[in-house]
Amino acid sequence: MAEKRYGAPPPPTTKSIAGADWYGKELEREHYESTLFSELDLTDGRNVGSVFNACTFRRVRFSASIHEGAAFVNCTFLSCNFFDTIFTECKLVGSMFDRCQFDNMKVVNGDWSFTGLPGADLRRATFSGTRLRETDLTGAVCEGGSIRDADLSGAWLHSADFSRCDLRGSDLTAIEPENVKLKEAIITIDQTIVIAEALGFDVRRK
């Protein structure tokens, strides 16, 4: 069972929706509170502006679903499949992911601060302009992935693998080069200075 940062347990649920067939379902500004969703199929679904607060998703198929302006706040995702899922301007603050699949997942803008993605395989995921402030990426595998123009300030990055990852435009001030893999990571000249300073170099313009 996933635990949130600092060992906090997932929030309890009071309602349950199990085995529902939501294939291609249209969700518009719906609201769910403290609900357990298990074995639900949301493949090809479209979610606009709906709010899920303190909900748990267990073995839910989000494949090829589209989420716009939606909120999944303080939620827990267990063994969920996000293949080809798109999140645009969504809020996932405080949510936790455990043993999920993220192949071809695309995240555009939005706020994913304080989310838990420890050990997540993000090699085929794309984040663009996303706020990932204080996100737990401990041991995450981002090799060859893309995390561009993202706010990674205060993120937990110990043992994360950013080899060949496109990090251009992202805040890298939380990176400790001795504790992450950065071989062939794609960064800008300005970010090179940030990494050099983190390594203890006295960087001077002239």
Gap between atom [atom2] of [Y] and atom [atom1] of [X] - 0.5 Å precision:
X    : Y    : atom1 : atom2 : answer
R59  : S38  : CZ    : OG    : 7.0 Å
S170 : D149 : OG    : CG    : 6.0 Å
K15  : T56  : NZ    : OG1   : 12.5 Å
Y32  : C55  : OH    : SG    : 9.5 Å

task: Could you check E68 against R46 for salt bridge (Lys or Arg N to Asp or Glu O under 4.0 Å), going step by step and ending with a plain yes or no?
output: CA-CA 8 Å; E68 300 174 341; R46 186 179 183 88; 3.1 Å; yes
message: Please determine whether a side-chain nitrogen of the Lys or Arg among K181 and E143 lies less than 4.0 Å from a carboxylate oxygen of the Asp or Glu.
response: no
message: Assess whether a salt bridge exists between D41 and R61, defined as any Lys/Arg side-chain N lying under 4.0 Å from an Asp/Glu carboxylate O.
response: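 Looking at R61 together with D41, the answer is yes, because their closest N to O distance falls below 4.0 Å.
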For [X] versus [Y], what's the shortest heavy-atom pair and its separation?
X    : Y    : result
N109 : T130 : O-OG1, 3.3 Å
A185 : L167 : CB-CD1, 4.3 Å
A174 : L152 : CB-O, 3.6 Å
F162 : L182 : CB-CD2, 3.9 Å
A54  : T13  : O-CG2, 4.3 Å
L199 : P177 : CD2-CB, 3.5 Å

field: Stepwise side-chain contact (heavy atoms from CB on, under 4.5 Å) check, K106 with D84
entry: CA-CA 7 Å; K106 297 178 180 63; D84 214 20; 3.9 Å; yes
Flag yes if [X] and [Y] sit in one hydrophobic cluster, no otherwise; membership is Ile, Leu, Val, Met, Phe, Trp, Tyr, and two members link when side-chain heavy atoms are under 4.5 Å apart.
X    : Y    : value
V180 : I195 : yes
L27  : L92  : yes
F87  : V48  : no

message: Please check: side-chain N/O of S159 versus main-chain N/O of G139, any donor-acceptor pairing under 3.5 Å?
response: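 Checking the backbone N and O of G139 against the side chain of S159, no donor-acceptor pair under 3.5 Å is found.
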Would [X] and [Y] count as having a side-chain donor-acceptor pair, cut-off 3.5 Å?
X    : Y    : answer
T188 : R168 : no
T115 : T135 : yes
D44  : Y23  : yes

Is the [X] to [Y] ring centre distance short of 6.0 Å?
X   : Y    : value
F77 : F82  : yes
F52 : F37  : yes
F72 : W112 : no

message: If you apply the rule side-chain contact (heavy atoms from CB on, under 4.5 Å), what do you find for F102 with L117, and how did you get there?
response: CA-CA 11 Å; F102 303 98; L117 289 157; 3.8 Å; yes
field: Enclosure of K25 NZ (heavy-atom neighbours >12, cutoff 6.0 Å)
entry: yes
task: List for me each residue that meets salt bridge (Lys or Arg N to Asp or Glu O under 4.0 Å) alongside D121, sequence neighbours excluded, and say none if there are none.
output: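 With neighbours one apart ignored, the set is R123.
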- request: In sequence, state the C-alpha distance, the side-chain angles, and the governing distance for R133 and S153, and then conclude on side-chain hydrogen bond (donor to acceptor under 3.5 Å, both in side chains).
  value: CA-CA 5 Å; R133 187 177 180 85; S153 57; 2.7 Å; yes
field: Within-4.5 Å side-chain heavy-atom neighbours: R124 and M105
entry: no
message: The test is side-chain contact (heavy atoms from CB on, under 4.5 Å); show your working for E184 and S163 and say whether it passes.
response: CA-CA 6 Å; E184 298 182 19; S163 303; over 6 Å; no
task: Take I187 and T192, measure what side-chain contact (heavy atoms from CB on, under 4.5 Å) needs, and give me the verdict at the end.
output: CA-CA 7 Å; I187 59 176; T192 302; 3.6 Å; yes
query: Step by step, would you call F62 with F83 a ring-ring contact (aromatic ring centres under 6.0 Å, His included)?
result: CA-CA 7 Å; F62 288 91; F83 173 75; over 10 Å; no
